[in-house]
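To start, the structure under review is shown below, and the notes come after it.
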Amino acid sequence: LMIKNINLQYLFSYLGIIPYLILIIDKTFFNQFQINFLHNFSIYYSLIIFVFIGASNWNLTKEIPIHKVIYGFLPSLLSVFLIFFNLYSYDIFFLLILCLIIQLIIDYFIIYNTGEIRKVYYFLRIPLTILIVFSLIIIQL
C-alpha cells in the first residue's frame, strides 16, 4: 500500500546522491580511493547528471520551442568541453559547479516557473542540486 504513494522518479533521483555519499565517506574515513579517482569520478558522474537534466526537458512526442531544444542540448555540448579540459588536467570543479547552478536558475525561468511542475523544482531540482554542489565541494577539499 505504501509503495503506491512513492513517486519512483523522486526516489531514483534522490538515490542518485549515493555515489557522492560513498566518495565522501571514503575520503573522510577510509581513504581507499585515490584522490585522483575521487575527483575524476565525481566530475564525470556530475556531468552525466548535468546532461541528463538538460535532456529531461525534451519532449519528443510534441514540438517544443527552439529555445528549449537548444537549451536541452547545451549541457551535452558544455560537457564535451569540460571533459576535454579535465583530460588536459585543468581544474574544472568550480566551473562544473557554476554550470549546475546556472542550469538550476535558468531551469526555473524556462521550465518550472509556471504550472504544476513547480513542485518538482522545489522538492527535487533545488535540493538535489544543492546536495550535488556541496558534495563536489567536500570531495574537492
Run the ring-centre check on Phe41 versus Tyr45 and record whether the distance is less than 6.0 Å.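 Under 6.0 Å, so yes.
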Counting the benzene-type ring for Trp, do Tyr14 and Tyr10 have ring centres under 6.0 Å apart?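 No, the ring centres sit 6.0 Å or more apart.
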Rounded distance (nearest 0.5 Å) linking atom [atom1] of [X] with atom [atom2] of [Y]:
X	Y	atom1	atom2	result
His67	Leu74	NE2	CG	12.0 Å
Ile126	Tyr112	CD1	OH	10.5 Å
Phe50	Ile132	CZ	CD1	11.0 Å
Ser13	Phe52	OG	CZ	6.5 Å
Asn31	Asp26	CG	CG	6.0 Å
Cys99	Ile92	SG	CD1	8.5 Å

Quick one: does [X]'s side chain get under 4.5 Å of [Y]'s, heavy atoms only?
X	Y	answer
Phe94	Gln140	yes
Leu95	Tyr90	no
Ile105	Ile102	no
Tyr44	Asn86	yes
Gln103	Tyr108	no
Leu23	Ser135	no
Leu100	Leu136	yes
Tyr20	Leu131	no

If the test is side chain to side chain contact (heavy atoms under 4.5 Å, CB included), which one of Leu104, Ile48, Asp107 qualifies with Ile53?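 Answer to the side chain to side chain contact (heavy atoms under 4.5 Å, CB included) test with Ile53 among Leu104, Ile48, Asp107: Asp107.
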Mark yes or no for whether Tyr121, through its side chain, and Ile111, through its backbone, hold a donor-acceptor pair below 3.5 Å.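 Side chain of Tyr121 to backbone of Ile111, a donor-acceptor pair under 3.5 Å: no, none is there.
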Would a distance-only check, ignoring hydrogens and angles, find a side-chain to backbone donor-acceptor pair under 3.5 Å from Asn40 to Asn36?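 Answer holds: yes.
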Same apolar cluster (I L V M F W Y, side chains within < 4.5 Å links), [X]/[Y]:
X	Y	value
Ile18	Leu128	yes
Ile25	Leu15	no
Tyr71	Phe109	yes
Phe30	Ile24	no
Ile83	Leu96	yes

Quick one: sort the His39 and Phe93 rings into parallel, tilted or perpendicular, breaks at 30° and 60°.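 His39 and Phe93: perpendicular rings.
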Pro19 to Gly16 - nearest heavy-atom pair and separation: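 What the structure gives for the nearest pair is CD-O, 3.3 Å.
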Tell me the closest heavy-atom pair linking Val51 and Pro75, and the distance in Å.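 In terms of heavy atoms, the two residues are closest at CG2-O, 3.7 Å.
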Within a reach of under 6.0 Å around CZ of Phe123, are more than 12 heavy atoms found that belong to other residues, nucleotides or ligands?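 Open: at most 12 neighbouring heavy atoms sit under 6.0 Å from CZ of Phe123.
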